[in-house]
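Throughout, residue positions are numbered sequentially from 1 according to the sequence presented.
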Amino acid sequence: MELVKGVQAISSLSMTINVIPLEFIWSETEQPAITTLHGSVLEVPLIDLSDKGEMKLVELIAKASTEWGIFQVVNHGISREVIKRLQDAGREFFKLPQVEKAAYSRPPDSKDIKGYGTTLQKEAEGKRGWVDHLFHGTWPPSAINYKFWPKNPSYYREANEHYTEGLRKLTDKLFRCFSFGLGLEEHELMEALSGQDMVYLSKINYHPPCPRPDLALRVVAHTDMCAITILVPNDVSGLQVCRDGQRYDVKYIPNTLIVHIGVQLEVLSNGRYRAVLHRTTVNRERTTMSWPVFIEPPTDHEVGPHPKLVDQVHPAKYKTKKYGDYAYCKINKLPQ
């Protein structure tokens, strides 16, 4: 087994000498110290899912998806205890010795992204994000490979299954609102993405302290290639949204889940909903973690503008193509 050299190990040395390797130093067009609009914090839409009639929720979610591509939700139906258990399991995994974590590594010749690792995609100029990660499918059963689910801590599987159960209910509710917001029947957007066969791809991001947060990034600016992302943050801020040509810090609100509109929903809505361009910064003092779940169609499923959203006045803005082909081009920085 090849031992993955994680950013955790690099961080320990870098914090001692106050220097980071060159592959983590981004160009001046991306460096946070230069490109962040300092002194201004964005308050992205916050939507309470519990106390409004459904059509009011439809209006709020459609507005946020159209104008922002990102929103936060509270009273979402997943208990704090379930979320804490999910977070505790992830933290315990990343405390394991490197050799134990490496047992879950993505095979070097694999075209799949599932498994433990530190690099995900080809980056411009060979740069790397300050991140170690663990990917695995959590739904449907055909997308699950328990080979990549840690056995330590012992409750890891139970914690993820309980969280996924709540997440599927939340996803159904969100997609019903997304559909109504476009004037479609409640089931039409989800069915266009393969319905109950949509894949839930879980990721844990682990970002150890970085001595040069002015130069490094957790993740460079990007849009998510899935349909939507639902993310559990932690209490260390770092999310930035690119808006009006500027990079803004996003205000952290405790006990929320963050919803990102991804490219597949933008395509399906024929551009009425928009994928959010975002990135994440690092912290000098503290380890930061996040738990996104990417909700996406199966790789052989074709996605294009919904037929009911295309006419002579609103021609199709996007090609129809298999999701797997789109994802391959996105990861390898190839033209779509």
A.B. asks: How about Asn283 and Thr288: does a side-chain donor come under 3.5 Å of a side-chain acceptor?
C.D. replies: no
A.B. asks: In terms of heavy-atom contacts, does CD of Glu28 have more than 12 from other residues, nucleotides or ligands at under 6.0 Å?
C.D. replies: no
A.B. asks: With the side chain counted from C-beta on, respond yes when Phe135 and Phe294 share a heavy-atom pair under 4.5 Å apart, and no when they do not.
C.D. replies: yes
A.B. asks: Output the distance between atom CE (Met225) and atom SG (Cys329), rounded to the nearest 0.5 Å.
C.D. replies: 11.0 Å
A.B. asks: Count the heavy atoms belonging to other residues, nucleotides or ligands that lie under 6.0 Å from NZ of Lys321, then report whether that count exceeds 12.
C.D. replies: yes
A.B. asks: What residue pairs, at least two apart or across chains, pass salt bridge (charged side-chain N to carboxylate O under 4.0 Å, His left out) with a residue in residues 284-300?
C.D. replies: Asp235-Arg286
A.B. asks: So which pairs with a foot in residues 260-270 pass salt bridge (charged side-chain N to carboxylate O under 4.0 Å, His left out), sequence neighbours left out?
C.D. replies: none
A.B. asks: Are any of the side-chain heavy atoms of Arg212 and Val282 separated by less than 4.5 Å?
C.D. replies: no
A.B. asks: Any side-chain donor paired with an acceptor under 3.5 Å for Thr223 and Lys330?
C.D. replies: yes
A.B. asks: Do the side chains of Asp88 and Arg91 get close enough for a salt bridge, i.e. N-O under 4.0 angstrom?
C.D. replies: yes
A.B. asks: Just by distance, with hydrogens left out, do Asp224 and His260 show a side-chain donor and acceptor under 3.5 Å apart?
C.D. replies: yes
A.B. asks: Is there a side-chain contact between His133 and Tyr116, using heavy atoms and a 4.5 Å cut-off?
C.D. replies: no
A.B. asks: Using 0.5 Å steps for rounding, measure from the CG atom of Leu57 to the SG atom of Cys177.
C.D. replies: 5.5 Å
A.B. asks: Would a distance-only check, ignoring hydrogens and angles, find a side-chain to backbone donor-acceptor pair under 3.5 Å from Ser194 to Met198?
C.D. replies: yes
A.B. asks: Are Leu134 and Phe93 close enough, and set up right, to give a side chain to side chain contact (heavy atoms under 4.5 Å, CB included), and what steps lead you there?
C.D. replies: CA-CA 10 Å; Leu134 175 68; Phe93 171 74; 4.1 Å; yes
A.B. asks: Side chains of Trp130 and Ile10: closer than 4.5 Å at any heavy-atom pair?
C.D. replies: yes
A.B. asks: Salt bridge check, Glu54 against Arg176: does any charged N sit closer than 4.0 Å to a carboxylate O?
C.D. replies: yes
A.B. asks: In Å and rounded to the nearest 0.5 Å, what is the CG to OG distance from Leu189 to Ser179?
C.D. replies: 3.5 Å
A.B. asks: Looking at side-chain heavy atoms only, is the closest gap between Leu309 and Leu184 below 4.5 Å?
C.D. replies: yes
A.B. asks: Mind checking whether Ile83 and Tyr206 sit in one hydrophobic cluster, side chains of I, L, V, M, F, W, Y counted as touching below 4.5 Å?
C.D. replies: yes
A.B. asks: Go through the steps for Ile204 and Phe94 under the test side chain to side chain contact (heavy atoms under 4.5 Å, CB included), then give the verdict.
C.D. replies: CA-CA 9 Å; Ile204 306 174; Phe94 276 95; 3.6 Å; yes
A.B. asks: What I'd like to find out is whether the side chain of Ser269 reaches to under 4.5 Å of the side chain of His306, using heavy atoms alone.
C.D. replies: no
A.B. asks: Partners of Glu59 by side chain to side chain contact (heavy atoms under 4.5 Å, CB included), sequence neighbours excluded?
C.D. replies: Lys56
A.B. asks: Hey, quick one: are Tyr252 and Leu239 part of the same hydrophobic cluster, counting side-chain heavy atoms closer than 4.5 Å, chains of contacts allowed?
C.D. replies: no
A.B. asks: Can Thr118 and Asp132 be counted as having a side-chain donor-acceptor contact under 3.5 angstrom?
C.D. replies: yes
A.B. asks: Identify the two heavy atoms, one from Ile295 and one from Cys226, that lie closest to each other, and give their separation to 0.1 Å.
C.D. replies: O-CB, 3.5 Å
A.B. asks: Which side-chain N or O atoms in residues 62-77 pair as donor and acceptor under 3.5 Å with protein atoms at least two apart or in another chain?
C.D. replies:
from  : atom 1 : to     : atom 2 : distance (Å)
Lys63 : NZ     : Glu67  : OE1    : 3.3
Lys63 : NZ     : Glu67  : OE2    : 2.9
Ser65 : OG     : Ile61  : O      : 2.7
Thr66 : OG1    : Ala62  : O      : 2.8
Thr66 : OG1    : Arg272 : O      : 3.4
Gln72 : OE1    : Thr256 : OG1    : 3.2
Asn75 : ND2    : Asp48  : OD1    : 3.0
Asn75 : ND2    : Asp48  : OD2    : 3.1
Asn75 : ND2    : Ser50  : OG     : 3.3
His76 : ND1    : Ile78  : N      : 3.2

A.B. asks: Can you see which heavy atom on Asp249 is nearest to which on Thr36, and at what distance?
C.D. replies: OD2-CG2, 4.0 Å
A.B. asks: What distance do Asp214 atom CG and Thr281 atom OG1 have between them, rounded to the nearest 0.5 Å?
C.D. replies: 11.5 Å
A.B. asks: When rounded to the nearest 0.5 angstrom, what is the spacing between NZ in Lys101 and NZ in Lys95?
C.D. replies: 11.5 Å
A.B. asks: Give the minimum heavy-atom separation between Leu277 and Ala221, together with the two atoms involved.
C.D. replies: CD1-C, 4.0 Å
A.B. asks: Side chain to side chain contact (heavy atoms under 4.5 Å, CB included) for His207 and Met289? Distances and angles first, verdict last.
C.D. replies: CA-CA 6 Å; His207 315 278; Met289 296 181 69; 5.9 Å; no
A.B. asks: How long is the straight-line distance from CD1 of Ile230 back to CG of Leu174, given to the nearest 0.5 Å?
C.D. replies: 5.5 Å
A.B. asks: Could you tell me whether the side chain of Lys127 and the main chain of Leu22 form a donor-acceptor pair under 3.5 Å?
C.D. replies: yes
A.B. asks: Do Tyr323 and Leu193 belong together in a cluster built from hydrophobic side chains that touch within less than 4.5 Å?
C.D. replies: yes
A.B. asks: Does NZ or CZ of Arg85 come closer than 6.0 Å to the centre of the six-membered ring of Tyr155, within 45° of the ring's axis?
C.D. replies: yes
A.B. asks: Side chains of Leu201 and His136, heavy atoms from C-beta outward: is any pair under 4.5 Å?
C.D. replies: no
A.B. asks: With under 30° as parallel and over 60° as perpendicular, where do the rings of Phe178 and Phe175 fit, or are they tilted in between?
C.D. replies: perpendicular
A.B. asks: Using atom types as modelled and distance alone, determine if a side-chain donor or acceptor of Ser11 lies under 3.5 Å from a backbone N or O of Val7.
C.D. replies: no
A.B. asks: If I compare all heavy atoms of Ser202 with all of Thr138, which pair ends up nearest, and what's the gap?
C.D. replies: CB-CG2, 3.7 Å
A.B. asks: Treating Ile, Leu, Val, Met, Phe, Trp and Tyr as nodes and any side-chain heavy-atom pair under 4.5 angstrom as an edge, say whether Leu182 and Val267 lie in one connected cluster.
C.D. replies: yes
A.B. asks: Indicate yes or no for a side-chain donor-acceptor contact from Asn270 to the backbone of Pro315 under 3.5 Å, with no hydrogens or angles considered.
C.D. replies: yes
A.B. asks: Counting distance only, does the side-chain N/O of His278 pair as donor-acceptor with the main-chain N or O of Cys242 below 3.5 Å?
C.D. replies: no
A.B. asks: With sequence neighbours excluded, what pairs up with Glu302 under the side chain to side chain contact (heavy atoms under 4.5 Å, CB included) test?
C.D. replies: Thr320, Lys322
A.B. asks: How would you list, by chain and number, every residue that makes a salt bridge (Lys or Arg N to Asp or Glu O under 4.0 Å) with Glu186, sequence neighbours excluded?
C.D. replies: none
A.B. asks: May I ask you to check whether Gln87 and Asn234 show a side-chain donor-acceptor distance below 3.5 Å?
C.D. replies: no
A.B. asks: Return the minimal non-hydrogen interatomic distance between Gly129 and Phe24, and the atom names on each side.
C.D. replies: O-CE2, 3.4 Å
A.B. asks: Quick one: does Pro32's side chain get under 4.5 Å of Arg279's, heavy atoms only?
C.D. replies: yes
A.B. asks: Classify the angle between the aromatic ring planes of Tyr156 and Trp149 as parallel (below 30°), tilted (30 to 60°) or perpendicular (above 60°).
C.D. replies: perpendicular
A.B. asks: Identify the two heavy atoms, one from Thr16 and one from Ser12, that lie closest to each other, and give their separation to 0.1 Å.
C.D. replies: OG1-O, 3.1 Å
A.B. asks: Hey, do the aromatic rings of Tyr104 and Phe148 have their centres closer than 6.0 Å?
C.D. replies: no
A.B. asks: Should Asp172 and Gln196 be marked as a side chain to side chain contact (heavy atoms under 4.5 Å, CB included) after you check the CA-CA gap, both sets of side-chain angles, and the distance that decides it?
C.D. replies: CA-CA 9 Å; Asp172 288 348; Gln196 296 303 318; 3.8 Å; yes
